[in-house]
Participant: 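Take this structure, written in structure tokens, and hold onto it; I'll ask about it next.
Residue numbers count from 1 along this sequence.
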Amino acid sequence: HQPVEEAAREYLEERLGRLARLFERLTAVHAILDHGHGEYIVELTASAPPHHRFSARAEGAELRLAIDVADHKLEAQVRSWKERIVDHRP
């Protein structure tokens with residue numbers, strides 16, 4: 001793993017910040033960015049109490065695209081979980 005460029009770091013923090021606003025119960029969000037064989041690999045994990053863990057992985061030729069895909073996958077998991085625990089009564 002290598003240090004991430006500042007622009008990529010800010011973009012990633014912006015995307016993950018949206019996820020935290022989507023569901024305030026998230027206690028931690030971690031990202032692993034890697035580059036190998038001409039592709040970027042992005043692994044995102046998030047956790048929420050009591051013992052829920054969400055994870056997503058994406059690969060792509062462009063870092064931002066891989067971040068977007070992984071973020072979308074993680075967001076879908078969190079939304080699905082949130083909908084299951086939220087009371088839907090009128």
Side-chain angles (χ1 to χ4, degrees):
H1 303 290
Q2 302 173 6
V4 179
E5 293 179 14
E6 189 62 31
R9 180 183 203 84
E10 289 175 5
Y11 184 71
L12 180 61
E13 288 175 355
E14 175 188 323
R15 296 292 296 197
L16 296 179
R18 287 183 34 226
L19 186 64
R21 287 189 302 273
L22 170 70
F23 191 63
E24 61 282 344
R25 291 187 190 180
L26 292 179
T27 57
V29 180
H30 298 279
I32 298 174
L33 309 177
D34 199 7
H35 185 259
H37 304 292
E39 285 194 329
Y40 289 96
I41 301 167
V42 177
E43 296 178 10
L44 303 176
T45 59
S47 56
H51 302 289
H52 296 284
R53 185 173 173 161
F54 311 96
S55 63
R57 176 185 164 102
E59 299 178 13
E62 296 181 24
L63 181 57
R64 284 185 179 224
L65 180 61
I67 290 171
D68 288 344
V69 171
D71 178 62
H72 181 73
K73 289 179 180 180
L74 193 65
E75 184 177 317
Q77 291 176 32
V78 171
R79 279 184 191 276
S80 175
W81 182 70
K82 181 180 177 180
E83 288 174 3
R84 280 186 272 152
I85 66 169
V86 172
D87 186 15
H88 290 288
R89 284 182 281 168

Participant: Just verifying a value: how many Å separate Leu63 CG and Leu12 CG, rounded to the nearest 0.5 Å?
Facilitator: 8.0 Å
Participant: Specify whether His52 and Trp81 have parallel, tilted or perpendicular ring planes, treating 30° as the upper limit for parallel and 60° as the lower limit for perpendicular.
Facilitator: tilted
Participant: Only counting residues at least two apart or in another chain, list the ones meeting side chain to side chain donor-acceptor pair (under 3.5 Å) with His72.
Facilitator: none
Participant: Check salt bridge (charged side-chain N to carboxylate O under 4.0 Å, His left out) between Glu10 and all other residues, then give those that pass, not counting sequence neighbours.
Facilitator: none
Participant: Can you tell me how far the CD1 atom of Ile67 sits from the CG atom of Leu16, to the nearest 0.5 Å?
Facilitator: 8.5 Å
Participant: List the residues meeting side chain to side chain contact (heavy atoms under 4.5 Å, CB included) with Arg79, not counting sequence neighbours, and say none if there are none.
Facilitator: Leu22, Glu75
Participant: Pairs under 3.5 angstrom only: tabulate donor-acceptor contacts from the side chains of residues 37-47 to other protein residues two or more places apart or in another chain.
Facilitator:
| unit_1 | atom_1 | unit_2 | atom_2 | d |
| --- | --- | --- | --- | --- |
| Glu43 | OE2 | Arg57 | NH1 | 2.7 |
| Ser47 | OG | Thr27 | OG1 | 3.3 |

Participant: Can you name the one residue among Arg15, Arg9, Glu13 that meets side-chain contact (heavy atoms from CB on, under 4.5 Å) with Tyr11?
Facilitator: Arg15
Participant: Do you know the tightest heavy-atom contact between Ala70 and Ala58?
Facilitator: N-CB, 3.6 Å
Participant: If the condition is side chain to side chain contact (heavy atoms under 4.5 Å, CB included), which residues does Leu65 pass it with, not counting sequence neighbours?
Facilitator: Glu62, Val69
Participant: Go through the structure and list residues passing side chain to side chain contact (heavy atoms under 4.5 Å, CB included) with Glu24, not counting sequence neighbours.
Facilitator: none
Participant: Tell me the closest heavy-atom pair linking Ala7 and Arg64, and the distance in Å.
Facilitator: O-NH2, 4.3 Å
Participant: If the condition is ring pair (Phe, Tyr, Trp, His ring centres under 6.0 Å), which residues does His30 pass it with, not counting sequence neighbours?
Facilitator: none
Participant: Looking at Ala66 and Gly60, what are the two nearest heavy atoms and their distance?
Facilitator: CB-N, 4.0 Å
Participant: Which pair of heavy atoms, one from Gln77 and one from Ser55, lies closest together, and at what distance?
Facilitator: NE2-O, 2.7 Å
